[in-house]
Amino acid sequence: MNDKRVRALREGVCKRPGAVAYWMSRDQRAGDNWALLLAQRIALQHRVPLVVVFCLVPSFLGATMRQYGFMLGGLEEVERDLAEKDIPFYLVQGSPEEALPDFVKMHGIGVLVTDFDPLRIKRKWKEGVVRRVTVPFHEVDAHNIVPCWWASRKQEYAAHTFRPKVRRALPEFLDEVPPVKKHPYPSKERMHMVDWDGVRVALPVDRSIPEVDWVKPGEKAARQRMEAFLAEKLATYDESRNDPNRDGQSSLSPYLHFGHISAQRVAIEVTRRGLDRTLAEPFLEELIVRGELSDNFCFHNPRYDSVEGFPEWARRTLEEHRADRREYVYSAERFERAETHDELWNAAQRQMVVSGKMHGYMRMYWAKKILEWTESAEKALDVACYLNDRYELDGRDPNGYVGVAWSVGGVHDRAWASRAVFGKIRYMSYKGCRSKFDVDEYVARWSSVKPEPVSP
Ligand code: FAD
Ligand code: FO1
């Protein structure tokens, strides 16, 4: 494995550890997981057991049972897959800053490994753990193909400045991922399985938003969906992906968000098919360049979810138009209930509320209209992030914060002709949508479904 994927959060001399632990968080899978592979490599070197621990926090950025249910389903599969390799899986609950140091002490862990995530909450968790443990603690980027800290040393301005760097580094990192071995040094502790039903029942999360059934969680389901997409849709992805009436996207984002599949696996399988590069390119651009650009933004810009994180030209233009008259102004509740004057916007909101996944094209229109119909960019950002993270299965993700910041604040975009409220932020219109796809068909499809009652 390429050691550029690893960085030390805490150095430390590693005497013979009692066991090596992989603290799993972003990359919730047993296969294709560089963090797990590093932990196993260290455990094999010291001829000690390897364990995996996941810390379940009951309130992650406003997630509801819709997202927790999906995640727990995937973790149950991880536990089974690891048990077959004699690698015990532990579920601990509470705040990671306490729960992980306790786990390290209780299980005599001598080396701790975790996976990379640029979100603020994750950095805070890890800083807390670093302060309380004394063992070596490594972080591995198992999400990106080119490790975030290698792709670029600074916040990139746009995809066109970032693309050459990622493309140049790709050959070094887009290598086959070896399987995790059956671990030859079993833990002395009795292998126990988690009471998943008990965990699910006891979880104190908002249950007012129903789980979705069109997508099954876990690594196996993720691979099946990837195979189906590659076989049936990859070739027509470029011409169908921007039509919300066609199911032309891969629907892999919930799996990539929870780490049930890695972008590396998807990219390897795309390349293995030897499809004409012009056909595969548009998909790989989104999967790799756009996906890694989101991590780059959240990694280098501490204000990735606020107006202060927007580029200077965007902040200025929004400030100049702050007092512009809004033709409509809606509260967060009116937006949430899909009660605006715009049938197309309401249909997109309903698609998200009902299915947990709004079409990618509509997400841009949806967020831009929130800017147009709220009293300020700050309010628009809050409403868009709140609704996105509450209803989207793939929400609470760097891709989401960047998607909203692109729509509302011109992040990774350029200035356009100035207009009311938006200033030079790119505008999208209902008329523009009508020229691109059959708006009536999309509205009809998503207006017939009544969204579940939103939280009381
Ligand atoms: P496909 O088109 O099949 O793309 C495959 C993969 O490429 C995606 O799963 C994703 O990992 C990546 N990708 C595609 N488009 C983008 C993009 N624009 N930026 C970054 N990566 C991309 N994506 C999320 O994962 N979570 C979110 O919460 C989220 N919120 C968004 C909010 C707004 C306002 C906007 C404009 C975009 C948002 N996106 C988000 C990005 C994008 O819309 C989704 O990743 C995509 O629609 C997911 O569906 P898919 O997997 O079927 O996409
Ligand atoms: N990561 C954890 O380590 N523990 C959790 O309990 C947890 C809950 C959770 C709920 C919803 C959600 O969308 C993500 C959640 N995550 C959790 C984080 C997730 O694993 C991803 O690492 C990040 O959200 C992606 O950046």
Side-chain angles (χ1 to χ4, degrees), residues 23-28 53-72 74-75 91-96 99-100 114-122 125 143 159 203 205 215 225-226 229 233-234 237-238 240-242 244 247-261 263 266-267 282-295 297-298 348 352 357-371 381 384-385 387-389 391-408 411-412 428:
W23 168 22
M24 177 182 277
S25 178
R26 190 179 197 188
D27 298 282
Q28 300 169 23
V53 55
F54 185 87
C55 184
L56 184 61
V57 300
S59 58
F60 186 84
L61 302 178
T64 70
M65 200 54 190
R66 167 175 284 180
Q67 295 89 10
Y68 275 99
F70 187 83
M71 187 178 79
L72 292 174
L75 288 172
L91 189 83
V92 296
Q93 303 205 36
S95 129
L100 262 296
T114 194
D115 45 45
F116 167 72
D117 188 326
L119 295 187
R120 182 179 310 115
I121 186 170
K122 300 293 195 82
W125 290 356
H143 176 81
L203 206 54
V205 288
V215 56
R225 189 166 288 268
M226 172 192 71
F229 169 72
K233 297 184 188 168
L234 177 63
Y237 176 78
D238 197 27
S240 67
R241 67 187 164 128
N242 284 330
D247 184 15
Q249 292 189 283
S250 67
S251 295
L252 287 175
S253 60
Y255 295 121
L256 290 161
H257 168 68
F258 285 103
H260 297 168
I261 195 165
V266 180
F283 177 72
L284 292 174
E285 168 73 11
E286 298 300 331
L287 176 78
I288 301 174
V289 177
R290 285 284 164 183
E292 300 224 6
L293 185 60
S294 297
D295 267 33
F297 184 72
C298 295
M352 177 175 71
K357 187 172 181 292
M358 189 189 296
H359 188 276
Y361 186 84
M362 291 314 300
R363 295 196 198 200
M364 299 185 282
Y365 179 81
W366 173 85
K368 285 180 178 293
K369 290 305 167 190
I370 293 175
L371 170 62
L381 198 71
C385 285
L387 294 175
N388 186 83
D389 287 357
Y391 291 103
E392 296 282 19
L393 207 43
D394 60 21
R396 297 151 307 284
D397 191 283
N399 288 344
Y401 299 116
V402 169
V404 171
W406 176 90
S407 305
V408 173
V411 165
H412 301 148
M428 285 177 78

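Order of appearance sets the numbers: ligands from 1, and atoms from 1 within every ligand.
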Minimum heavy-atom distance between Val404 and Cys385, given as atom pair plus value: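 That would be CG1-SG, 4.0 Å.
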Expected output: side-chain [X] to main-chain [Y] donor-acceptor under 3.5 Å:
X      : Y      : answer
Asp117 : Lys122 : no
Tyr68  : Ser59  : yes
Thr114 : Trp23  : yes
Asp389 : Gly62  : no
Gln28  : His257 : no
Lys368 : Met428 : no
Arg396 : Ala63  : no
Asp115 : Arg26  : yes
His359 : Arg241 : yes

Close approach of Phe229 to ligand 1, heavy atoms, under 4.0 angstrom =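 Heavy atoms of Phe229 never come under 4.0 Å of ligand 1.
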Any non-hydrogen atom of Met364 lying under 4.0 Å from ligand 1?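 Contact check Met364 vs ligand 1: positive.
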Which residue owns the protein heavy atom closest to [atom], what's the atom, and how far is it?
atom                    : answer
atom 27 (C) of ligand 1 : Asp394 OD1, 3.2 Å
atom 46 (C) of ligand 1 : Gln249 NE2, 3.7 Å
atom 52 (O) of ligand 1 : Ser251 N, 2.7 Å
atom 19 (N) of ligand 1 : Arg290 CB, 3.9 Å
atom 37 (C) of ligand 1 : Gly403 CA, 3.7 Å
atom 51 (O) of ligand 1 : Ser253 N, 2.9 Å

Hey, are the side chains of [X] and [Y] touching, using non-hydrogen atoms and a 4.5 Å cut-off?
X      : Y      : answer
Asp238 : Phe283 : no
Trp406 : Met364 : yes
Val215 : Ser251 : no

Would you tabulate the polar-atom pairs, meaning N/O of ligand 2 against N/O of the protein, with distances under 3.5 Å, reported to 0.1 Å?
from     : atom 1 : to     : atom 2 : distance (Å)
ligand 2 : 3 (O)  : Ser25  : OG     : 2.7
ligand 2 : 4 (N)  : Cys55  : O      : 2.9
ligand 2 : 6 (O)  : Val57  : N      : 2.8
ligand 2 : 13 (O) : His257 : NE2    : 2.7
ligand 2 : 13 (O) : Arg396 : NE     : 2.6
ligand 2 : 13 (O) : Arg396 : NH2    : 3.1
ligand 2 : 20 (O) : Ser25  : O      : 2.8
ligand 2 : 20 (O) : Gln28  : NE2    : 2.7
ligand 2 : 22 (O) : Asp117 : OD2    : 3.0
ligand 2 : 22 (O) : Lys122 : NZ     : 2.6
ligand 2 : 24 (O) : Arg396 : O      : 3.1
ligand 2 : 26 (O) : Asp117 : OD1    : 3.3
ligand 2 : 26 (O) : Asp117 : OD2    : 2.7

Using distance alone, decide if ligand 1 has a nitrogen or oxygen within less than 3.5 Å of any nitrogen or oxygen in [X].
X      : value
Met358 : no
Asn388 : yes
Arg396 : no

Once you restrict to heavy atoms under 4.0 Å, what part of [X] touches ligand 1? Side chain, backbone, both or neither.
X      : answer
Glu286 : both
Ser250 : both
Tyr237 : side chain
Asn399 : both
Ser407 : side chain
Trp366 : neither
His359 : neither

Notebook entry, point to check: Within the structure, does at least one protein heavy atom fall under 4.0 Å of atom 16 (C) of ligand 1?
Noted result: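 When distances to the protein are checked, atom 16 (C) of ligand 1 has a heavy atom within 4.0 Å.
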Q: Classify the side-chain pair Ser240/Lys233 by whether it contains a donor and acceptor separated by less than 3.5 Å.
A: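 No.
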Ring centroid separation for Phe297 and His412, is it under 6.0 angstrom?
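Yes, ring centres under 6.0 Å apart.
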Show the atoms of ligand 1 that are less than 4.0 angstrom away from any heavy atom in [X].
X      : value
Gly360 : 43 (O), 47 (O)
Gly395 : 28 (O)
Leu256 : 9 (O), 11 (O)
Ala367 : 34 (C)
Leu287 : 7 (O)
Ser294 : 20 (C)
Phe283 : 3 (O), 5 (C)
Lys357 : 49 (O), 50 (P), 52 (O)

**Request:** Nearest 0.5 Å please: distance from the CD atom of Glu392 over to the CZ atom of Arg363.
**Result:**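 The CD atom of Glu392 sits 3.5 Å away from the CZ atom of Arg363.
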What's the spacing between Leu234 CG and Phe229 CZ if we round to 0.5 Å?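 Answer rounded to 0.5 Å: 5.0 Å.
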Discussion item. The criterion is side-chain hydrogen bond (donor to acceptor under 3.5 Å, both in side chains); which residues satisfy it with Trp366, sequence neighbours excluded?
Written reply: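 Applying side-chain hydrogen bond (donor to acceptor under 3.5 Å, both in side chains) to Trp366 gives Gln349.
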message = Nearest non-hydrogen contact with atom 31 (C) of ligand 1 belongs to which option: Lys368, Lys233, Glu392, Arg363?
response =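 Among Lys368, Lys233, Glu392, Arg363, the closest heavy atom to atom 31 (C) of ligand 1 belongs to Arg363.
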Taking NZ, NE, NH1 and NH2 as the nitrogens, is one of them in Arg290 or Asp295 under 4.0 Å from a carboxylate oxygen of the other?
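A salt bridge is absent here (no side-chain N lies under 4.0 Å from a carboxylate O).
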